[in-house]
Amino acid sequence: MSKAASIALLLLAITCGSCFFVGPSHIKRLRMAVKDGPVDVAIVPGFPFNNGRWDTLLKSRILWSLYLYKKGIIRNIIYSGNAVYTPYMEGKSMALYAYALGIDPAHIFVDTIAEHSTENLYYGYQMAKKLGFTKIAIATDPFQCYMLYKFSKKHFKTEFFFLPIIYDSISAYTSLDPVVDTKPAYVDSFVPIDTRMNYTERMKGTMGKGIKYE
């Protein structure tokens with residue numbers, strides 16, 4: 001399938017299946033973005049690695065980034081996430097899986113600061129700017145796309161493009177299960193966030209209250 005055909009199918013699937021999450025105005029902007037070429041970079045938020053292995057939700061985010069990259073819809077990927085609930089840095093762990101799946105390391109970047117979804121967006125955006133990327137997307141599951149879309153409209157002037165996972169598109173990849181050494185992502189002095197912060201503090205973080213906006 002050609003890149004143009006892949007992009008057309010992606011747009012059709014998002015238009016038919018994800019309007020509830022991102023709205024028709026976003027679909028129009030997304031069409032304009034990919035019409036002029038691939039998105040410069042997609043930020044992929046992390047999720048806890050249990051025992052250093054990916055689970056269903058995390059696997060779907062990584063496979064979705066693989067699909068978008070292989071189809072030429074995105075050029076680069078920022079995997080974002082610190083060690084939050086487990087001692088594995090989420091961004092680094094995702095990157096290790098991405099390497100194993102064949103994504104060119106030259107197109108993979110890692111943020112290990114973010115501890116909440118809102119911070120995935122903020123620190124991923126800061127990294128994208130420093131790298132000179134201007135067309136920036138968020139690639140994750142539909143609910144998180146919806147949440148971060150609302151957050152971005154409130155706190156950013158920058159136009160983001162949201163790429164909610166289309167699960168049928170990654171079905172051909174679900175059998176992939178590379179053996180990955182995630183020890184490089186392990187934090188020896190790890191303290192989980194629910195020990196470092198109480199519930200109220202964690203909720204403030206989830207809402208982006210801990211971000212020092214520039």
Side-chain angles (χ1 to χ4, degrees), residues 10-11 13-36 38-48 57-58 60-61 64-65 68 73-85 89-91 94 109-166 193-194 196-214:
L10 174 68
L11 289 171
I14 290 177
T15 301
C16 294
S18 302
C19 288
F20 174 78
F21 296 100
V22 295
S25 61
H26 166 70
I27 301 300
K28 181 178 179 180
R29 293 192 298 271
L30 179 59
R31 283 177 171 163
M32 292 174 63
V34 297
K35 178 182 178 182
D36 297 328
V39 172
D40 291 335
V41 65
I43 300 166
V44 180
F47 193 79
L57 179 58
L58 185 60
S60 67
R61 293 183 188 180
W64 180 231
S65 68
L68 295 171
I73 295 164
I74 60 175
R75 289 194 178 99
N76 301 281
I77 306 165
I78 295 174
Y79 293 107
S80 172
N82 199 346
V84 183
Y85 286 98
M89 290 183 288
E90 296 167 8
M94 289 191 292
F109 304 91
V110 177
D111 156 52
T112 57
I113 301 175
E115 294 190 328
H116 304 277
S117 297
T118 50
E119 293 179 359
N120 292 136
L121 175 57
Y122 178 77
Y123 292 116
Y125 167 66
Q126 295 299 321
M127 177 175 285
K129 282 201 308 181
K130 290 178 181 179
L131 291 167
F133 300 135
T134 57
K135 192 185 296 185
I136 305 168
I138 314 300
T140 185
D141 52 89
F143 177 78
Q144 192 172 46
C145 271
Y146 172 67
M147 186 189 75
L148 291 178
Y149 173 70
K150 294 204 306 180
F151 177 78
S152 72
K153 297 300 290 183
K154 183 177 180 180
H155 293 286
F156 293 88
K157 295 180 181 179
T158 299
E159 187 77 52
F160 293 102
F161 301 98
F162 288 82
L163 301 171
I165 296 171
I166 301 167
I193 193 170
D194 51 2
R196 294 183 282 111
M197 296 182 183
N198 61 37
Y199 176 79
T200 300
E201 291 170 331
R202 296 198 304 275
M203 285 304 298
K204 287 181 178 179
T206 299
M207 296 168 65
K209 302 289 187 179
I211 295 172
K212 296 180 180 179
Y213 296 98
E214 298 180 355

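Along the sequence shown, residues carry numbers from 1.
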Side chain to side chain contact (heavy atoms under 4.5 Å, CB included) involving L57 - partner list, sequence neighbours excluded: F47, D55, S60, R61, D141
Shortest non-hydrogen contact between M197 and R202, atoms and distance: O-NH1, 2.9 Å
Spatial distance of atom CZ (R75) from atom CD1 (I73) [nearest 0.5 Å]: 12.5 Å
Residue pair F160, L148: steps toward the side chain to side chain contact (heavy atoms under 4.5 Å, CB included) verdict: CA-CA 10 Å; F160 293 102; L148 291 178; over 6 Å; no
Residue list, side chain to side chain contact (heavy atoms under 4.5 Å, CB included) with T134, at least two apart or on another chain: D40
Heavy-atom closest contact (P164 atom, P142 atom, distance): CB-CA, 3.9 Å
Main-chain N/O of T112 paired with N82 side-chain donor or acceptor, under 3.5 Å: yes
Candidate pair S152 and F162, rule side chain to side chain contact (heavy atoms under 4.5 Å, CB included), full reasoning: CA-CA 11 Å; S152 72; F162 288 82; 3.7 Å; yes
Residue of the set V84, L58, V44 for which side chain to side chain contact (heavy atoms under 4.5 Å, CB included) holds with E90: V84
Spacing of NZ belonging to K129 relative to OH belonging to Y125, to within rounding of 0.5 Å: 4.0 Å
Those residues that, when tested against A128, pass side chain to side chain contact (heavy atoms under 4.5 Å, CB included) (two or more places apart): V41, I78, F133, I136
Validation row: Y149, I138 side chains within 4.5 angstrom (heavy atoms): no
side-chain hydrogen bond (donor to acceptor under 3.5 Å, both in side chains) partners of S80, counting only residues at least two apart: D111, N120
F156 and Y122: CA distance, side-chain angles, deciding distance, side chain to side chain contact (heavy atoms under 4.5 Å, CB included) verdict: CA-CA 9 Å; F156 293 88; Y122 178 77; 3.8 Å; yes
Residue pair S65 / Y79, side-chain donor-acceptor N/O under 3.5 Å: yes
Partner residues of N76 under the side-chain hydrogen bond (donor to acceptor under 3.5 Å, both in side chains) criterion, sequence neighbours left out: H107
Where V110 and G91 come nearest, the two heavy atoms and their spacing: CG1-C, 3.6 Å
Main-chain N/O of L163 paired with W64 side-chain donor or acceptor, under 3.5 Å: yes
